[in-house]
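Chain letters run A, B, ... following the sequence lines, proteins first, then strands; residues in each count from 1.
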2 protein chains.
Amino acid sequence: MKTNVMESLFADLDRNGPIPLYYQVEQRLEKAILDGQIPAGARLENEVALGERLNLSRPTIRRAIQDLVDKGLLVRRRGIGTQVVHGRVTRGVELTSLFDDLAKGEKVPTTVLLSYAVEKANDTVADRLGVQLGSPVLHIKRLRIADGVPVAVLENWLPEQFLDITEHDLGELGLYEILRGRGVTIRVAKQKIGARTSNTAEAGLLDTDRGTALLTMERAAFDNAGVGIEYGSHYYRPDLYSFEVTLVEK
Amino acid sequence: MKTNVMESLFADLDRNGPIPLYYQVEQRLEKAILDGQIPAGARLENEVALGERLNLSRPTIRRAIQDLVDKGLLVRRRGIGTQVVHGRVTRGVELTSLFDDLAKGEKVPTTVLLSYAVEKANDTVADRLGVQLGSPVLHIKRLRIADGVPVAVLENWLPEQFLDITEHDLGELGLYEILRGRGVTIRVAKQKIGARTSNTAEAGLLDTDRGTALLTMERAAFDNAGVGIEYGSHYYRPDLYSFEVTLVEK
DNA sequence: TTTGTCAAATTGTTCGTACAATATGACACC
DNA sequence: GGTGTCATATTGTACGAACAATTTGACAAA
């Protein structure tokens with residue numbers, strides 16, 4: 001039975017296309033696990049046998065499995081084998097924006113642009129983005145709404161190369177979507193998650209009472225050359241949003 | 001000059017000992033980066049040359065570099081090379097407890113055990129730990145204090161195998177330290193971070209006013225066999241504690 | 001000047017192979 | 001019955017090799 005699942009899963013790998021073989025295997029395995037086709041606690045076939053059956057070398061199979069171990073979906077023990085982790089399997093926090101998160105669920109995200117201006121970078125912004133103090137940066141502030149309910153206030157600063165992003169763009173799309181559309185790939189992000197009490201203005205924007213708790217997040221994002229792309233300081237309604245993280249010890 | 005740094009760094013690898021070669025290289029490289037010996041933005045030698053100089057194969061070198069890329073310390077681009085990331089390099093959140101976090105800083109952590117009891121697992125606990133509903137679990141509640149100031153209230157549930165942890169242990173050591181001492185290795189943890197408003201009792205414990213914001217964290221931790229080790233529901237004083245996460249897109 | 005092409009440099013993917021380390025279960029031995 | 005030993009299964013580490021993909025810079029061509 002397990003054999004059938006595997007066979008069907010890995011039936012037709014594209015050996016000539018641009019997508020790496022290990023990645024194709026990884027994706028299908030991940031889907032099978034998240035869909036429950038391979039149940040929690042189930043043991044996978046050993047690496048060598050898998051390789052033989054799929055006509056792939058052991059390193060290729062290992063790479064696919066290792067990536068899923070790093071994601072916290074699989075667990076392996078020398079001498080024993082590889083298993084799907086017990087416990088509810090959830091996708092961890094990935095490098096996506098709130099807009100993406102909401103769009104992935106059933107919510108309909110909309111955005112109100114609260115302010116839009118080109119400013120000179122202050123100490124904090126210059127430090128986080130790695131740009132010169134006083135250099136021009138785009139400063140935007142948006143209210144994110146899901147199904148008509150305000151969820152978060154997002155404040156972002158972007159370096160000089162993005163000054164041409166228009167107000168219209170920001171009303172239509174999420175910031176990360178705009179960046180992707182311009183060919184920018186975010187590779188590393190450093191986040192700091194905390195909480196504080198809201199003041200009157202903040203509570204007003206989120207349609208709650210002054211003095212209620214806010215979930216806060218600061219993020220600095222960098223592309224694959226290590227250049228600062230975006231610095232954000234956001235606050236969320238904690239009854240509507242939270243952060244999930246999966247940590248894996250290496 | 002760069003050459004000298006490298007030479008001295010990788011001078012004597014232990015080729016017979018139990019520590020993998022890639023790990024020895026990784027550790028030394030990481031230290032050199034964190035210490036600033038290799039400055040932000042500096043370019044590393046290419047993989048092949050590094051391998052030749054250290055008498056290691058390219059896969060071994062690659063493994064070491066890849067691990068540091070995954071940690072967000074290095075960045076590499078095909079056709080270009082490998083660089084130390086720009087921006088402040090900070091260690092990300094690791095699989096440690098608040099106790100460890102505080103002990104690593106200059107703070108002196110102490111603990112007050114608020115309650116200690118063996119209970120039957122309710123729905124939530126049974127689900128998160130993957131144990132039978134109604135099976136015995138150890139339920140503890142602790143107040144964590146740093147330098148005399150209360151920082152967090154920690155509530156944990158542990159499965160049957162840990163019922164023999166004593167009240168005395170919990171006063172002396174952090175929970176994760178106790179677990180490590182028993183040979184338990186935590187491999188995967190799923191955390192959910194949020195916020196809420198405190199009630200009178202909670203505010204009293206943390207020496208703040210009722211109605212101030214709390215930072216909350218739920219965590220389920222599993223060992224390398226995927227067995228549930230610990231489920232915790234914690235709240236923190238947000239002016240004294242926050243979570244830092246480094247995300248790396250693969 | 002601009003554009004296209006090509007070579008060089010570097011990381012990315014994939015294969016094959018060998019041996020080491022660890023957990024399990026079977027079996028012999030005391 | 002208990003205990004140690006050994007074979008087996010499986011993942012972990014390490015090597016070597018080849019070719020692909022991408023970026024840069026140099027150079028030629030329009």
Next on the checklist: Would you compute the distance between atom CD of B:Gln66 and atom OG1 of B:Thr82 and round it to the nearest 0.5 angstrom?
Outcome noted: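 If I round to the nearest 0.5 Å, the distance is 9.5 Å.
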Checklist entry - CG of A:Asp127 to CG of A:Leu133: how many Å apart, nearest 0.5 Å? => result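 With rounding to 0.5 Å, CG (A:Asp127) is 10.5 Å from CG (A:Leu133).
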Whole Å only: how far is the [atom1] atom of [X] from the [atom2] atom of [N]?
X	N	atom1	atom2	result
B:Leu50	D:dC15	CG	P	14 Å
A:Ile65	D:dT11	CD1	P	7 Å
B:Tyr23	D:dA14	OH	C1'	18 Å
A:Asp70	D:dG12	CG	P	11 Å
A:Arg63	D:dG12	CZ	C1'	17 Å
B:Leu56	D:dC15	CG	C1'	10 Å
B:Asp14	D:dA14	CG	P	11 Å
B:Asp67	D:dT13	CG	C1'	13 Å

Next on the checklist: Would you say B:Thr60 places a side-chain N or O within less than 4.0 Å of OP1 or OP2 belonging to D:dC15?
Outcome noted: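 Answer yes for this pair, as a side-chain N or O of B:Thr60 is under 4.0 Å from OP1 or OP2.
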Check: [X] side chain, [Y] main-chain N or O, donor-acceptor pair, under 3.5 Å:
X	Y	value
B:Asp35	B:Gln37	no
A:Gln83	A:Gly41	yes
B:Gln24	B:Asp14	yes

Next on the checklist: Let's test your reading of the model: under 3.5 Å, does the base of D:dG12 pair with the side chain of A:Arg77 as donor and acceptor?
Outcome noted: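 Counting by modelled atom types and ignoring angles, no donor-acceptor contact under 3.5 Å is found here.
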Next on the checklist: I need a per-nucleotide contact map over nucleotides 3-9 of chain D, read 5' to 3'. Cutoff is protein heavy atoms under 4.0 Å; write B for the base, S for backbone only, - otherwise.
Outcome noted: ------B
Checklist entry - Hey, are A:Glu45 and A:Arg53 close enough for a salt bridge, meaning a charged N less than 4.0 Å from a carboxylate O? => result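 The answer is yes: the pair qualifies as a salt bridge.
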Next on the checklist: Could you check whether B:Glu218 and B:His234, counting side-chain N and O atoms only, form a donor-acceptor pair closer than 3.5 Å?
Outcome noted: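 No, no side-chain donor-acceptor contact under 3.5 Å.
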Checklist entry - Will you find, in the side chains of A:Arg219 and A:Gln191, an N or O donor that is under 3.5 Å from an N or O acceptor? => result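 Result is yes, a qualifying pair exists.
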Item to check | 5' priority, DNA chain C, between B:Gly17 and A:Ser57 [closest heavy atom] | outcome: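 Per heavy-atom nearest nucleotide, the more 5' residue is A:Ser57.
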Item to check | Closest-nucleotide ordering on DNA chain C, the 5'-leading residue of B:Pro18 and B:Pro59 | outcome: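 Per heavy-atom nearest nucleotide, the more 5' residue is B:Pro59.
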Next on the checklist: Determine whether B:Arg63 and B:Tyr22 satisfy the following criterion, side-chain hydrogen bond (donor to acceptor under 3.5 Å, both in side chains), listing intermediate values before the conclusion.
Outcome noted: CA-CA 6 Å; B:Arg63 168 83 190 258; B:Tyr22 75 86; 3.0 Å; yes
Item to check | Nucleotides bounding contact with chain A, strand DNA chain C, heavy-atom threshold 4.0 Å | outcome: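 Answer, 5' to 3': C:dT13 to C:dT24.
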